[in-house]
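For reference, the structure discussed in these notes is given below.
Proteins get letters first, then strands, A, B, ... in listed order; numbering begins at 1 in each.
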There are 2 protein chains.
Amino acid sequence: MSEWRNASGNTLRDYPRPSLAVDVAVLTVAEARLHVLVVESPHDGLALPGTFVHPNERTRDAADRALRTKAGVSDVEMHQLAIFDDPTRDYRGWVMSMAYGTAVARDRLPGNAFLVGVTDGEPDESLAWDHARMVRLAVADLRARYADEVDPDYLIGHEFTVLELRQLYEAIYEHALPKDTFRRQVSDGLDSTGKVSSAAGGRPAELFRRRAGTYLPRSAAGVFEAHRIDVTR
Amino acid sequence: MSEWRNASGNTLRDYPRPSLAVDVAVLTVAEARLHVLVVESPHDGLALPGTFVHPNERTRDAADRALRTKAGVSDVEMHQLAIFDDPTRDYRGWVMSMAYGTAVARDRLPGNAFLVGVTDGEPDESLAWDHARMVRLAVADLRARYADEVDPDYLIGHEFTVLELRQLYEAIYEHALPKDTFRRQVSDGLDSTGKVSSAAGGRPAELFRRRAGTYLPRSAAGVFEAHRIDVTR
DNA sequence: TGAATAGTGTCTATTAGACATTATAAG
DNA sequence: CTTATAATGTCTAATAGACACTATTCA
């Protein structure tokens with residue numbers, strides 16, 4: 001590699017470079033609760049799927065690759081959370097990790113996926129390294145995005161009833177939501193399909209689709225979120 | 001360095017590592033407008049202050065060091081924005097950059113600081129590399145944080161009038177705010193000092209301090225922000 | 001006194017939240 | 001019919017936004 005030199009005299013070979021990893025917190029809703037996808041290794045215990053970044057690879061592509069090869073998940077839209085850069089965070093040496101977050105419907109994950117429940121941003125089982133903090137950031141990010149749009153990550157299908165949508169939001173925000181207020185908050189973000197769901201004992205519920213390009217009202221965050229997750233820990 | 005090997009067989013020396021830089025978007029309000037602090041280099045033109053990360057240094061410490069040495073600014077609380085990792089983004093080779101954002105009062109910057117006006121997240125003059133995108137992220141981050149608390153970055157002093165505070169917010173959000181509604185939005189986040197400002201022709205204005213540990217109401221974001229900055233570009 | 005600015009009261013339209021009512025299905 | 005669930009209407013309290021009014025200074 002030629003030694004390009006910029007105005008301040010730095011070159012790309014002046015000093016050691018960090019190893020760069022990515023880790024991905026894949027959230028999902030199963031049994032009406034938030035879960036995070038983990039992988040188990042004999043040496044490090046439970047951890048988020050991750051990998052080292054390959055030469056000239058983007059971190060997002062590395063995260064995609066980690067999900068594909070270690071968790072059997074593809075075609076996921078991810079969001080940068082933070083870089084974890086404590087030089088002592090990895091026993092192997094100077095390893096930084098870019099954390100990504102996303103959410104995927106349960107039925108897009110392998111049937112034997114290892115899911116750990118998440119309560120108020122905290123995994124029910126302890127994770128390796130600083131991965132619990134990554135989960136906390138992922139949940140805060142998920143909640144912020146879900147207060148902005150109707151189920152942007154398609155945790156439920158393309159067509160759904162308001163009840164199904166509300167139960168999804170109750171799982172994400174971890175508390176009950178009033179059914180009439182919830183309906184009014186989201187109704188502007190829904191398109192009616194005309195169809196109804198097969199009734200479960202009572203009046204059949206109407207099936208809706210996400211309305212493209214609509215945001216939920218600013219008040220939605222206040223309605224959904226009972227409290228804020230402390231992401232500073 | 002010993003070759004620690006983890007369960008999946010990776011080592012820390014398997015493949016090349018990226019050079020890692022940091023760049024900092026320091027926003028300030030001058031002449032009732034948002035500005036961003038830039039440095040000028042003969043080779044690259046206008047750019048955000050930045051530096052390469054030193055061995056075993058945290059990115060935040062590197063960002064501190066860049067601000068101190070290249071812009072004469074110290075003791076600034078910064079926020080991670082995003083990692084910029086396009087492998088072709090730097091002509092010198094594979095260089096990623098972690099972007100940080102912050103805001104600093106004009107009088108904490110050197111008198112000869114190079115400030116570029118910012119309109120709707122866009123610097124008035126073109127910046128090197130992808131630094132304009134970093135500015136966009138910094139402005140979005142600033143607005144989100146200022147909708148949460150009263151001037152958390154101390155862009156105005158410890159004691160201030162509601163008028164001064166409102167003019168600050170009008171500069172940050174780039175539109176006029178109704179004086180009575182604004183006052184009601186922020187009043188719960190203020191403590192009265194009893195003192196009044198030296199009058200400027202009319203009734204003297206009361207001086208307030210930030211009330212510790214209070215958040216602005218959730219509706220504040222809707223009142224302040226006329227529209228959202230597109231950070232996807 | 002009038003001019004200028006700070007601060008507050010009032011009215012209206014909107015709406016979150018609670019509750020009641022109607023609508024539509026199955027048995 | 002009864003029962004169950006969906007969807008909507010109604011009432012109240014809170015409040016954003018607009019506007020007017022009062023308060024306090026200086027000239």
Side-chain angles (χ1 to χ4, degrees), chain A residues 32 146-148 150 156-157 159-170 173 175-209 211 214-227, chain B residues 32 146-148 150 156-157 159-170 173 175-209 211 214-227:
Chain A
Y146 269 66
D148 236 40
V150 172
I156 52 179
E159 300 189 348
F160 48 84
T161 68
V162 177
L163 173 63
E164 289 165 343
L165 187 66
R166 178 161 56 89
Q167 287 171 337
L168 171 67
Y169 274 74
E170 289 178 338
Y173 292 98
H175 65 95
L177 296 170
K179 72 165 192 165
D180 38 16
T181 298
F182 179 82
R183 188 188 192 87
R184 283 167 183 136
Q185 288 289 342
V186 301
S187 63
D188 282 348
L190 300 181
D191 273 325
S192 172
T193 64
K195 291 183 283 187
V196 293
S197 75
S198 47
R203 169 176 171 176
E206 193 171 358
L207 285 168
F208 294 91
R209 276 190 224 96
R211 175 170 294 167
T214 61
Y215 289 104
L216 294 175
R218 280 260 157 60
S219 53
V223 172
F224 297 160
E225 298 194 44
H227 55 274
Chain B
Y146 269 66
D148 236 40
V150 172
I156 52 179
E159 300 188 349
F160 47 84
T161 67
V162 176
L163 174 62
E164 289 166 342
L165 187 66
R166 178 162 53 89
Q167 287 172 337
L168 172 66
Y169 274 76
E170 289 178 340
Y173 292 99
H175 65 93
L177 297 170
K179 73 164 191 167
D180 40 14
T181 298
F182 178 82
R183 188 187 194 88
R184 284 168 183 135
Q185 288 288 342
V186 301
S187 62
D188 282 347
L190 300 181
D191 273 326
S192 171
T193 64
K195 292 184 285 187
V196 293
S197 75
S198 46
R203 170 176 172 177
E206 193 170 358
L207 284 169
F208 294 91
R209 275 190 224 94
R211 174 170 292 167
T214 61
Y215 289 104
L216 294 175
R218 280 258 158 60
S219 52
V223 173
F224 298 160
E225 298 194 44
H227 55 273

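Here the CD1-OG1 distance, from A/Ile156 to A/Thr161, works out to 7.5 Å after rounding to the nearest 0.5 Å. Here OG1 of B/Thr214 is found 7.5 Å from CG of B/Asp188. Values are rounded to the nearest 0.5 Å. In this structure, CZ in B/Arg218 is found 12.5 Å from CZ in A/Arg218, a value given to the nearest 0.5 Å. Atom CD of B/Glu164 and atom CZ of B/Phe208 lie 11.5 Å apart (nearest 0.5 Å).
Nucleic acid contact class of A/Val223 (heavy atoms, under 4.0 Å, all strands): sugar-phosphate only.
B/Arg184 is linked by a side-chain hydrogen bond (donor to acceptor under 3.5 Å, both in side chains) to nothing, counting only residues two or more places apart in sequence or in another chain. Shown here are the side-chain hydrogen bond (donor to acceptor under 3.5 Å, both in side chains) partners of B/Tyr169, two or more places apart in sequence or in another chain: there are none. For the side-chain hydrogen bond (donor to acceptor under 3.5 Å, both in side chains) test, residues two or more places apart in sequence or in another chain that qualify with B/Ser192 are B/Glu206. With sequence neighbours excluded, no residue satisfies side-chain hydrogen bond (donor to acceptor under 3.5 Å, both in side chains) with A/Asp180.
Residues of residues 176-187 of chain A that place a heavy atom closer than 4.0 Å to DNA chain C, in numerical order, are A/Asp180, A/Thr181, A/Arg184, A/Gln185.
One atom, CZ of B/Arg166, and another, P of C/dT5, lie 12 Å apart when rounded to the nearest Å. Counting to the nearest Å, the P atom of D/dA6 and the CZ atom of A/Phe160 are 15 Å from each other. Atom-to-atom, CZ of A/Phe224 to P of C/dA16 comes out at 10 Å; the value is rounded to the nearest Å. The CG atom of B/Leu216 sits 16 Å away from the C1' atom of D/dT15 (whole-angstrom rounding). Regarding B/Arg218, its CZ atom lies at a distance of 14 Å from the P atom of D/dA16, rounded to whole Å. Residue A/Glu206 contributes atom CD, which lies 12 Å from atom C1' of D/dT8 at whole-angstrom precision.
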Extract from the structure each pairing of a protein N or O with an N or O of nucleotides 21-23 of chain C at less than 3.5 Å, listing the distance.
residue	atom	partner	partner atom	Å
C/dA23	O4'	A/Arg203	NH1	3.2
C/dA23	N3	A/Arg203	NH1	3.4

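Taking side-chain N and O atoms only, A/Ser219 has a distance below 4.0 Å to OP1 or OP2 of C/dA16.
Scanning both residues, B/Gln185 and B/Pro217, for their nearest heavy atoms gives OE1-CG, 3.1 Å.
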